[in-house]
2 protein chains.
Amino acid sequence: MMTSVDTDLIRVLADPLRLRIVTLLAEETLCTTHLVEETGARQTNLSNHLRVLREAGVVETEPCGRYTYYRLRPDVIDRLAGQFADLAESARTAADNKRACP
Amino acid sequence: MMTSVDTDLIRVLADPLRLRIVTLLAEETLCTTHLVEETGARQTNLSNHLRVLREAGVVETEPCGRYTYYRLRPDVIDRLAGQFADLAESARTAADNKRACP
DNA sequence: CTGTCACATCAGTCCAAGCTGATATCAGTC
DNA sequence: GACTGATATCAGCTTGGACTGATGTGACAG
């Protein structure tokens with residue numbers, strides 16, 4: 001069984017600011033203005049990161065007048081958690097597999 | 001409750017080659033030579049990545065003569081899986097929290 | 001329709017980090 | 001000791017991607 005983790009998804013979450021955004025969105029649904037306040041990042045920068053998160057399917061948007069709400073998609077995060085759990089489980093099972101030196 | 005994920009740890013795992021190494025090590029304990037064969041990467045490159053993984057505590061080494069065995073630490077991966085699971089859980093709970101527009 | 005505000009896009013800069021070749025180190029073998 | 005093979009370290013090159021300022025677009029208020 002070759003448990004593999006979604007590389008692209010991790011890379012998306014590996015940026016400090018993006019992870020901060022995701023953490024904030026795990027608590028409540030916010031729009032860009034709120035995120036600017038919370039993170040202190042420039043609007044342009046934030047907008048770029050939100051685009052990455054959106055294209056990766058990590059967040060979904062809900063337009064509301066001239067505002068845009070961002071919501072975290074729990075299933076995506078859950079899938080990732082599962083992949084890591086499988087990896088850890090696999091490592092535990094194969095703890096004593098040691099390939100012989102060539 | 002502010003569930004936070006270890007940024008440094010994710011960044012370490014966000015590299016494709018490093019994630020490949022981790023996946024291989026989840027199946028069996030290997031030494032550098034094996035990893036060179038499996039991944040096709042140069043020895044120097046691999047050694048650099050292994051250093052990063054070692055310093056992050058993701059893998060542990062076991063010298064064996066002139067070989068060095070690398071073993072994955074399941075607890076570290078498990079902790080990460082738990083952090084993501086918490087994040088997803090938090091997002092589910094707070095699904096309807098929507099901060100009002102300013 | 002005009003101004004303002006929220007948000008996205010574009011073009012350019014800059015730096016962290018991945019990759020490499022050369023070299024060092026250390027363990028076995030002869 | 002001399003030699004070979006396994007692994008680590010070093011210095012330099014190069015590139016992806018994060019950040020920014022300027023600008024575009026679209027929605028609401030007046």
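Residue numbers start from 1 in every chain, and the chains themselves are labelled A, B, ... in the order their sequence lines are given, proteins ahead of strands.
Toward the 5' end of DNA chain C, the nearer of the two residues A:Arg54 and B:Arg18, judged by each one's closest nucleotide, is A:Arg54. Comparing B:Thr61 and A:Gly65 by the nucleotide of DNA chain D that holds the closest heavy atom to each, the one mapping nearer the 5' end is B:Thr61.
Of the side-chain N and O atoms in A:Arg42, one or more sit less than 4.0 angstrom from OP1 or OP2 of D:dG21. In terms of phosphate contacts, B:Asn45 brings a side-chain nitrogen or oxygen within less than 4.0 Å of OP1 or OP2 of C:dT20.
Considering A:Leu19, A:Leu35, A:Thr29, A:Leu72 in turn, A:Leu35 is the only one that fulfils the side chain to side chain contact (heavy atoms under 4.5 Å, CB included) rule with A:Leu24.
Defined by atom type and a distance below 3.5 Å, a donor-acceptor pair is missing between the side-chain atoms of A:His34 and B:Arg99.
Heavy atoms of A:Thr44 sit under 4.0 angstrom from at least one base atom. Within 4.0 Å (heavy atoms only), B:Tyr69 reaches no atom of the nucleic acid at all. Residue B:Asp15 is in sugar-phosphate contact alone, with no base atom involved, counting any heavy-atom pair closer than 4.0 Å across all strands shown. Within the nucleic acid shown, A:Ser47 comes within 4.0 Å of at least one base atom, counting heavy atoms only.
Inter-residue side-chain proximity for B:Val58 and B:Leu25 is flagged as unmet; no heavy-atom pair is nearer than 4.5 Å.
Checking C:dC19, C:dA8, D:dA6 against every side-chain atom of B:Tyr67, the shortest atom distance belongs to D:dA6. Proximity note for A:His49 (side chain, C-beta onward) versus D:dA8, C:dC7, D:dC19: the nearest is D:dC19.
Interface remark: the B:Gln43 side chain does not form any donor-acceptor pair with the D:dA6 base, using a distance-only criterion of under 3.5 Å.
At whole-Å resolution of the value, CZ in A:Arg66 and C1' in D:dG26 are 11 Å apart.
Taking 4.0 Å as the cut-off between side-chain N and carboxylate O, A:Arg11 and B:Asp15 do not count as a salt-bridged pair.
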